[in-house]
Amino acid sequence: MPKRSSSVVGREFGNGVRTAVERTGLTQRRLAEVLGWQEAKVCDMLAGKGGVNEAEVRELLAYCRTPLREREELLDLFRESGNVYLQVPDDGVPDQVRTLINQEKDADEIVCWSMILVPGLLQIPEYIEAVTAKAQTIKPEKRAAAVAARAARAAILEYTRTFVFYVHEQALLLPVGGEEVWREQLAHLLRLSVRNYISIRIVPRSIGMHAGVSGDFRLMRFPKYPPVVYVESVQCCLFFDDKDTVKVYENILKDLARSALDEEQSRAVINSILEGF
């Protein structure tokens with residue numbers, strides 16, 4: 001694995017190896033000493049920049065006494081190549097995958113486009129519960145845990161980051177969870193919309209065809225890494241960080257920005273729906 005700039009796959013691999021190393025109680029310097037490596041080599045690997053080969057990865061994981069299943073998962077990540085990373089979660093819940101949570105935590109700007117539902121980061125727990133109840137991939141006994149995990153992701157909505165949400169008007173008109181939950185969800189959007197680090201902009205139905213009809217996605221930007229696009233389906237999720245693909249999604253967002261109402265107009269639309277009850 002030649003040394004390279006950090007990618008989604010590389011960072012996921014590095015995070016997994018870091019966890020294995022931390023369980024040993026060794027510092028990176030001490031680990032480098034016992035393996036006969038330069039400390040910079042360990043640092044680059046944990047940062048997802050490569051610089052090691054598969055035999056060296058096996059040596060490190062063996063020294064750390066990493067469990068077999070975890071070892072094989074990390075080696076699979078190490079062998080991943082290219083700028084597309086596909087994940088199929090064991091529990092069938094795409095937006096609970098560890099990679100997404102890690103990317104969201106590292107990002108300093110997140111831009112979301114949502115055409116069918118209120119964006120996940122803006123959903124109240126009752127709304128999440130109603131959505132989760134209809135998910136065919138989540139077993140009833142895991143539903144409560146899935147709802148709690150999804151709701152917990154909203155903790156990243158803080159002033160140290162920037163968030164932009166483009167939401168199609170149709171998503172606001174879907175009565176998820178019944179009238180009471182629906183009303184509270186719309187009220188929650190209004191409360192969030194006045195925070196200066198959160199921008200909620202509605203794409204009105206009246207514009208007709210628009211660039212976002214290809215589906216929901218989010219674009220995450222980082223202080224030190226290239227941007228990442230995240231797209232999910234029923235049972236899997238994709239991460240893209242190649243320049244060409246990211247550029248396509250950035251162009252979609254530019255088109256949506258031209259079509260969307262401004263923040264004040266968007267609040268007026270939400271208010272009008274609330275007043276229509």
Side-chain angles (χ1 to χ4, degrees), residues 1-90 96-110 153 155-156 158 160-162 218-231 236-247 249-250:
M1 186 179 186
K3 187 174 180 179
R4 61 189 184 192
S5 60
S6 179
S7 66
V8 175
V9 181
R11 293 196 294 278
E12 184 70 2
F13 168 75
N15 288 335
V17 175
R18 182 180 293 104
T19 298
V21 172
E22 287 174 350
R23 286 198 298 260
T24 68
L26 296 175
T27 63
Q28 292 182 26
R29 175 175 296 181
R30 179 55 183 156
L31 180 63
E33 289 176 353
V34 298
L35 294 175
W37 295 3
Q38 294 291 324
E39 185 178 356
K41 184 172 183 174
V42 176
C43 291
D44 283 342
M45 181 174 61
L46 299 186
K49 295 182 179 180
V52 292
N53 57 42
E54 185 169 330
E56 290 171 325
V57 174
R58 288 184 178 277
E59 180 185 10
L60 182 148
L61 295 177
Y63 186 85
C64 294
R65 297 186 178 181
T66 309
L68 180 60
R69 180 177 175 179
E70 182 180 341
R71 191 185 318 169
E72 291 305 313
E73 288 174 350
L74 287 171
L75 286 169
D76 285 342
L77 279 174
F78 176 81
R79 299 183 190 111
E80 286 277 355
S81 61
N83 298 102
V84 180
Y85 179 33
L86 168 69
Q87 274 201 339
V88 181
D90 292 337
Q96 283 182 237
V97 292
R98 181 181 59 199
T99 305
L100 174 60
I101 293 171
N102 288 339
Q103 298 302 309
E104 286 179 334
K105 287 179 178 178
D106 290 341
D108 62 356
E109 180 182 9
I110 297 178
R153 288 177 46 231
I156 69 168
E158 53 185 19
T160 57
R161 310 160 187 265
T162 301
R218 75 196 67 178
L219 174 70
M220 294 172 278
R221 294 190 175 98
F222 308 87
K224 299 180 181 179
Y225 311 131
V228 172
V229 170
Y230 171 79
V231 181
C236 66
C237 50
L238 285 164
F239 297 85
F240 301 92
D241 56 11
D242 64 287
K243 291 182 179 179
D244 290 341
T245 301
V246 169
K247 186 65 176 177
Y249 283 95
E250 286 179 333

Note to self: With a 4.5 Å cut-off on side-chain heavy atoms, are Trp37 and Val42 touching?
What the structure shows: yes
Next item on the list: Please confirm whether the backbone N or O of Glu109 pairs with a side-chain atom of Arg221, one donor and one acceptor, at under 3.5 Å?
Entry: no
Margin query: Can you list everything that forms a salt bridge (charged side-chain N to carboxylate O under 4.0 Å, His left out) with Glu70? Sequence neighbours excluded, please.
Written below: Arg23
Margin query: side chain to side chain contact (heavy atoms under 4.5 Å, CB included), that's the test. Do Leu60 and Leu35 meet it? Break it down for me.
Written below: CA-CA 7 Å; Leu60 182 148; Leu35 294 175; 3.9 Å; yes
Check: Say you draw a straight line from CG of Asp108 to OG1 of Thr160; how long is it, rounded to the nearest 0.5 Å?
Finding: 9.0 Å
Note to self: Using modelled atom types and a 3.5 Å cut-off, is there a donor and acceptor pairing between side-chain atoms of Glu56 and backbone atoms of Asn53?
What the structure shows: yes
Margin query: Could you go through Leu61 and Tyr63, starting from their C-alpha distance and side-chain angles, then the distance that decides it, and tell me whether this counts as side chain to side chain contact (heavy atoms under 4.5 Å, CB included)?
Written below: CA-CA 5 Å; Leu61 295 177; Tyr63 186 85; over 6 Å; no
Margin query: Closer than 3.5 angstrom, by distance alone: can the side chain of Arg161 be matched with the main-chain N or O of Ala107 as a donor-acceptor pair?
Written below: yes
Next item on the list: Measure the spacing between CD of Glu73 and CG of Leu68 and express it to the nearest 0.5 Å.
Entry: 10.0 Å
Item checked: Any residue meeting salt bridge (charged side-chain N to carboxylate O under 4.0 Å, His left out) with Glu72, in chain and number order, not counting sequence neighbours -> none
Next item on the list: Look up atom CD in Glu250 and atom OG1 in Thr245, then write down how far apart they are to the nearest 0.5 Å.
Entry: 11.0 Å
Next item on the list: Determine, step by step, whether Asp241 and Tyr225 satisfy the side chain to side chain contact (heavy atoms under 4.5 Å, CB included) criterion, reporting the C-alpha distance in whole Å, the side-chain angles of both residues, the deciding distance to 0.1 Å, and the verdict.
Entry: CA-CA 9 Å; Asp241 56 11; Tyr225 311 131; over 6 Å; no
Notebook entry, point to check: So how far is it from Phe78 CZ to Arg58 CZ, rounded to the nearest 0.5 Å?
Noted result: 10.0 Å
Next item on the list: Any chance you could measure Leu219, atom CG, to Tyr249, atom OH, to the nearest 0.5 Å?
Entry: 10.5 Å
Next item on the list: Identify, with sequence neighbours excluded, every residue that meets side-chain hydrogen bond (donor to acceptor under 3.5 Å, both in side chains) alongside Gln38.
Entry: none
Notebook entry, point to check: If every non-hydrogen atom of Pro227 is compared with every non-hydrogen atom of Val246, which pair is closest and at what distance?
Noted result: O-CG2, 3.8 Å
Margin query: Can you list everything that forms a side-chain hydrogen bond (donor to acceptor under 3.5 Å, both in side chains) with Gln28? Sequence neighbours excluded, please.
Written below: none
Show the atom names and distances, to 0.1 Å, of all donor-acceptor pairs under 3.5 Å that link a side chain in residues 13-22 to residues at least two apart or in another chain.
residue	atom	partner	partner atom	Å
Asn15	OD1	Arg18	NH1	2.9
Asn15	ND2	Arg11	O	3.2
Arg18	NH2	Leu46	O	2.9
Thr19	OG1	Asn15	O	3.1

Next item on the list: Check step by step if side chain to side chain contact (heavy atoms under 4.5 Å, CB included) holds for Tyr230 and Gln103.
Entry: CA-CA 10 Å; Tyr230 171 79; Gln103 298 302 309; over 6 Å; no
Check: Just wondering, do Arg153 and Leu100 contact through their side chains at under 4.5 Å, heavy atoms?
Finding: yes
Checklist line | Spacing of Ile156 atom CD1 and Ile110 atom CD1 [to the nearest 0.5 Å] | finding: 3.5 Å
Margin query: Once side-chain hydrogen bond (donor to acceptor under 3.5 Å, both in side chains) is applied, do any residues pair with Glu39, and if so which ones, sequence neighbours excluded?
Written below: Arg29
